[in-house]
Protein chains: 2
Amino acid sequence: MKSKFTPAIIVHGGGGRIRAEELPQRLDGCKDAALAGWGIIQQGGSALDAAEAAVIMLEDNPLFNAGTGSTLNSLGQVEMDAAVMEGETLRAGAVAAVQGIKNPIKLARRVMEDGRHLFYAAEGALLFARAIGFAQCDPEALIVETERARWQEKHGTVGCVALDLEGKIAVATSTGGIFNKLPGRVGDSPLIGCGTYANDCGGVSCTGQGEAIIRIVMAKTALDLLKERAEPQAAAHQAIALLAQKTGGAAGLIIIDRQGKVGHARNTERMPVSFILSDGQVHLDS
Amino acid sequence: MKSKFTPAIIVHGGGGRIRAEELPQRLDGCKDAALAGWGIIQQGGSALDAAEAAVIMLEDNPLFNAGTGSTLNSLGQVEMDAAVMEGETLRAGAVAAVQGIKNPIKLARRVMEDGRHLFYAAEGALLFARAIGFAQCDPEALIVETERARWQEKHGTVGCVALDLEGKIAVATSTGGIFNKLPGRVGDSPLIGCGTYANDCGGVSCTGQGEAIIRIVMAKTALDLLKERAEPQAAAHQAIALLAQKTGGAAGLIIIDRQGKVGHARNTERMPVSFILSDGQVHLDS
């Protein structure tokens, strides 16, 4: 039976400067994540499961700045932010500044499903995790030796937007934040409307300079532009242009509309992206 | 010398159920806060200073759910959220889930002025406070005996939007969150775009069910409606109607546009409001 909806998935591996020799591996990582989500959608799974699965793969891949391999804060710790959101129901869950959580995106989803609150920060998020029996790990286990040795900033965030066979859209975004950030710093990723948003028009996940992205509430702004323009690629470009104009900031975003059209734009040097449209072909860009 | 801008200030003391006998005192508190901010504007002070001063008065007034007299979380602690934002520059600062800070709005402003990051949560926000020499207080000092005894939910948030003689708009929002909330829960107040937003069209501060407000990014949504409609009162009503329609949630908001027109709307039982327009007359509503 053919679905009346045109599924799609798009994944990003973070905006920023990426050395040319590292790019192929990152594109591979994005491709694997997109395929993981796509497999779920093809089996009739939900956009939410697909987006979460894609982001889990990126969190577990030490090349990306999320989960294992996250960048270190000014105290040499990994502190992570993540959010999920469903477009149809506007349900969302988010965690910020969490330590010792192998897959923050899973915890964000549990926050959403628990439903008492939408957003928990820091130690409170860990208390929530403990209360619901969510496994914690040694915070040190998420630190990759190359990160400890690295002196330059590790860029980016990972994210996925998925549209399933039932026409439902979901977004998942996860990050280690910015290199050398002060403890407790919360970026755009877990902030609904800023780094992550989904509604009845589409879904968006952002990456880049969080402090700038927040000030224009970029994910929601991109979906408002999509509503006006009905063209995801144009909405993506326009949102990035607005960010540059209003804040001077650098960022990237991925977007999917209800028709399964995708868009992505950036004014960072790079942003590895992989997307799959209804024909099942995998596209890569950076 | 007469300013070419029409100043205005509006203050809210939180949406929710308020016993009739408590309403006059709360309206008085809102009036005092509006007058404090108005005095600053009349002396040529900035909207930012005015909004901060108004919110400090409400934080220090134990009747309101912000600063001293905040509601208690599930562990019997006061944990507060606050944010400030300037419309012209889109600069903003926010703190969430902080304990032992007498005036969270002051700390949010210091975050904005420091400029390294925009948003700090929980213990990280306290580390930031210590690093910049911002005084902390005994967390117990913010607990009012009536709150310890109170079993029903204390509602609300406090907020102020101000427009100064230079045509600049600023918003300040501060809250103790919701009664019996889980530790680390972050509501809409400190989230830029959700409970607090200002841009070149106007400024908005929200109160009510944070988890619902976040899902429609209500403060930014109200300013987008203002841009379309050019009528703050209509934008306020429309934003609240949208909230009810999309989420079933209850909330209130206050808004000022660049012309010094104000609006306020709620679908909660009450929301004490005080505003002052260019003629200097103090208006009260609830």
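Note on naming: letters A, B, ... go to the chains in the order of the sequence lines (proteins, then strands), and numbering restarts at 1 for each one.
- Surrounding CZ of B:R229 are at most 12 heavy atoms belonging to other residues, nucleotides or ligands under 6.0 Å away.
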### Task
Walk me through it: do A:R258 and A:E88 pass the test salt bridge (charged side-chain N to carboxylate O under 4.0 Å, His left out)?
CA-CA 10 Å; A:R258 288 293 304 277; A:E88 195 185 34; over 6 Å; no

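- Ring planes of A:Y120 and A:F128: parallel class, angle under 30° (limits at 30 and 60°).
- Residue A:L182 touches chain B through both its backbone and its side chain, counting heavy-atom pairs closer than 4.5 Å.
- A donor atom on one side chain and an acceptor atom on the other are found under 3.5 Å apart for B:T173 and B:S205.
- Between B:D200 and A:K246, at least one side-chain nitrogen of the basic residue sits less than 4.0 Å from a carboxylate oxygen of the acidic one, meeting the salt-bridge criterion.
- When heavy atoms are compared at a cutoff of 4.5 Å, B:L127 approaches chain A solely by way of its side chain, counted from C-beta outward.
- Heavy-atom distances place no part of B:N73 under 4.5 Å from chain A, backbone and side chain included.
- For the options A:V186, A:L191, A:D224, heavy-atom pairs under 4.5 Å to chain B are most numerous at A:V186.
- Side-chain N or O atoms of B:N65 include one that pairs as donor or acceptor with a backbone N or O of B:T71 at under 3.5 Å.
- Both the backbone and the side chain of A:I192 come within less than 4.5 Å of a heavy atom of chain B.
- Contact annotation for A:N199: neither backbone nor side-chain heavy atoms come within less than 4.5 Å of a heavy atom of chain B.
- For chain B, the nearby parts of A:I216 are the backbone and the side chain; heavy atoms of each come within less than 4.5 Å.
- Per-residue heavy-atom pair counts under 4.5 Å with chain A were compared for B:K220, B:E79, B:E123, and the maximum is reached by B:K220.
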